[in-house]
Amino acid sequence: MATSSQLPTSVTAPPKPTWSPEPQHRPAPWLRPTIRIRLALLYGGMFLMAGIVLLTIIYILAANTLKEAPEFRVFGSNVRVGNISCPDLPSVGTVDEINSAIGSCIRDQRAMALHNFLNRSLIALVGLTVVAFAFGYAMAGRVLSPLGRITRTAQRVAGSDLHRRIELGGPDDELKELADTFDEMLDRLDRAFESQRRFVSNASHELRTPLAINRTLLEVQLADPEASPELQQLGKTLLATNERSEQLVEGLLLLARSENKVVDKRPVDLSEVAAQAVDQTREEAHGKGVEFRGVRGQVFVQGNGVLLERIALNLVQNAVRYNVPEDGWVEVGTEPQPGCAVLVVANTGPVVPAYEVENLFEPFRRLRTERTGSDKGVGLGLSIVRSVVRAHDGTITAQPREGGGLIMRVVLPS
């Protein structure tokens with residue numbers, strides 16, 4: 001990206017903006033904290049806590065029962081004893097020695113019994129916990145299946161299919177109430193969008209027809225060789241005004257249509273789109289002494305080719321028209337990036353304060369002017385660009401250049 005400028009050195013460049021578009025990283029589907037996973041964790045966690053409490057109570061009761069069991073004692077002077085369970089028990093000894101050895105053996109047997117009981121209970125608890133989590137996940141899925149149906153319907157509606165409805169059956173619970181409310185909202189949205197489509201269609205016909213008639217009448221009058229020079233000049237002025245009105249109507253209609261999301265997407269070579277925009281603007285750029293630069297690498301995106309060409313054409317036209325009087329340039333480049341494609345249009349031009357950049361995307365806004373006449377356009381170019389970019393799930397950002405001009409950066413998913 002070139003940074004040279006032909007503006008006088010007395011012009012102070014505005015400060016660079018500190019923001020930059022950050023790529024959005026969505027977590028993996030199995031890492032998302034969905035309601036189903038949270039309910040499964042809640043059910044499984046509650047079962048685990050209840051199992052731990054129950055195991056603790058059983059362990060305490062078993063330990064107390066074993067402590068309260070009667071102890072075995074031997075009475076007499078000399079005793080001969082043999083026991084397989086107590087291999088360390090002396091076979092011959094005094095009564096006190098034998099009783100002490102038997103007591104130690106019984107305590108060891110109790111400790112071993114409690115240890116085995118605890119291990120087997122923990123194994124059973126772990127197995128039941130796994131079963132509880134699986135059961136909780138399955139039950140949560142069954143309970144939340146209406147929400148899944150609502151979500152799928154909402155996704156289809158997001159694809160501009162406003163005729164779909166949830167029509168959820170079953171008991172009259174909170175989920176059915178939510179689905180019915182969503183269906184009512186879709187009915188209102190469907191009627192509103194249908195009314196908008198009819199209005200755009202009617203406006204397209206009603207506004208284009210008189211302008212086309214005016215243009216034809218003016219062209220016929222200008223073709224009359226007997227017309228006076230004053231009449232010829234007036235006709236040219238009216239023809240230019242009529243042409244600007246036609247551009248305004250076309251821009252407004254395109255802006256209204258581009259607000260909807262693009263559904264029918266096909267692979268489009270962004271470098272070819274940019275090259276077409278450059279070719280269409282080359283004559284105008286040559287007349288203004290503007291040079292084209294940039295490397296346009298081949299990169300494909302999913303979208304509508306006509307609308308993508310409108311993005312590139314509007315950006316290139318703006319870059320040519322809002323440029324320096326002499327030795328200006330426009331750099332148009334495309335490059336692939338992981339998961340997306342980037343179109344960059346940079347140009348020399350007047351200094352643009354960073355705080356005015358966002359206003360340039362508003363309809364009928366120009367740099368330091370608003371709703372004023374201009375021979376550079378009708379003030380809808382960047383508004384249309386932003387609408388079309390959003391319809392393609394992309395982003396557009398503008399950054400002032402050092403020395404004047406802008407760097408427009410369009411990021412589209414590939």
Side-chain angles (χ1 to χ4, degrees), residues 1-14 16-17 240 243-244 247-248 250-251 254 269-299 308-335 341-354 356-357 359-361 364-369 372-386 388-389 396-410:
M1 196 66 72
T3 58
S4 62
S5 175
Q6 302 299 327
L7 294 179
T9 56
S10 60
V11 178
T12 304
K16 284 186 176 181
E243 181 180 359
R244 186 172 182 275
Q247 294 176 359
L248 177 60
E250 291 292 337
L254 179 60
D269 187 358
L270 194 60
S271 62
E272 183 179 356
V273 170
Q276 289 286 344
V278 170
D279 291 339
Q280 294 182 43
T281 323
R282 193 177 300 278
E283 183 177 351
E284 182 179 359
H286 181 72
K288 292 180 176 292
V290 176
E291 175 190 1
F292 279 114
R293 303 177 181 177
V295 178
R296 291 175 285 279
Q298 188 178 54
V299 55
L308 291 176
E309 184 178 344
R310 173 64 65 173
I311 293 176
L313 182 61
N314 283 9
L315 291 179
V316 174
Q317 284 180 343
N318 274 4
V320 170
R321 294 170 181 175
Y322 295 92
N323 216 301
V324 293
E326 297 180 356
D327 299 329
W329 53 260
V330 174
E331 185 169 350
V332 183
T334 58
E335 59 181 7
V342 180
L343 168 66
V344 179
V345 178
N347 70 311
T348 53
V351 175
V352 181
E356 288 192 10
V357 169
N359 293 334
L360 298 178
F361 291 96
F364 306 106
R365 290 291 187 94
R366 304 181 187 86
L367 183 61
R368 298 185 182 88
T369 62
T372 57
S374 173
D375 59 348
K376 299 179 179 179
V378 295
L380 291 173
L382 293 183
S383 301
I384 294 173
V385 168
R386 183 171 62 176
V388 176
V389 169
I396 178 171
T397 55
Q399 177 182 351
R401 283 187 62 258
E402 292 184 359
L406 287 172
I407 301 176
M408 309 295 294
R409 183 181 179 88
V410 178

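Small disclaimer: the values here were computed from a predicted structure and weren't measured.
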Exercise for the section: For the residue pair Leu406 and Asn347, establish whether any side-chain heavy-atom pair is separated by less than 4.5 Å. Expected result: yes

Fill in the blank from the handout: Closest non-hydrogen contact found for Ala354 with Pro400 is CA-CG, 4.0 Å

Exercise for the section: Measure across Ala398 and Val357 and return the closest heavy-atom pair with its distance rounded to 0.1 Å. Expected result: CB-CG1, 3.3 Å

Exercise for the section: Specify the closest pair of heavy atoms between Ile407 and Ala346, including all atoms of both residues, with the distance to one decimal. Expected result: CG1-CB, 4.0 Å

Handout entry: Thr334 versus Ala274, closest heavy-atom pair with distance
Key = CG2-CB, 4.1 Å

Exercise for the section: Please say whether more than 12 non-hydrogen atoms of neighbouring residues, nucleotides or ligands are located less than 6.0 Å from CD in Glu272. Expected result: no

Problem - Flag side-chain contact, heavy atom, 4.5 Å: Arg310 against Ile384 - result: yes

Practice task
Give a yes or no answer on whether the side chain of Arg296 reaches the backbone of Val332 with a donor-acceptor pair at less than 3.5 Å.
Solution key: yes

Practice task
Test Met408 against Asn318 for side chain to side chain contact (heavy atoms under 4.5 Å, CB included), laying out the working first.
Solution key: CA-CA 10 Å; Met408 309 295 294; Asn318 274 4; over 6 Å; no

Exercise for the section: Measure the shortest side-chain to side-chain distance between Leu315 and Leu382 over non-hydrogen atoms and say whether it is less than 4.5 angstrom. Expected result: yes

Exercise for the section: Without swapping roles, check the side chain of Thr348 against the backbone of Trp329 for a donor-acceptor pair under 3.5 Å. Expected result: yes

Practice task
For the residue pair Arg409 and Val342, establish whether any side-chain heavy-atom pair is separated by less than 4.5 Å.
Solution key: yes

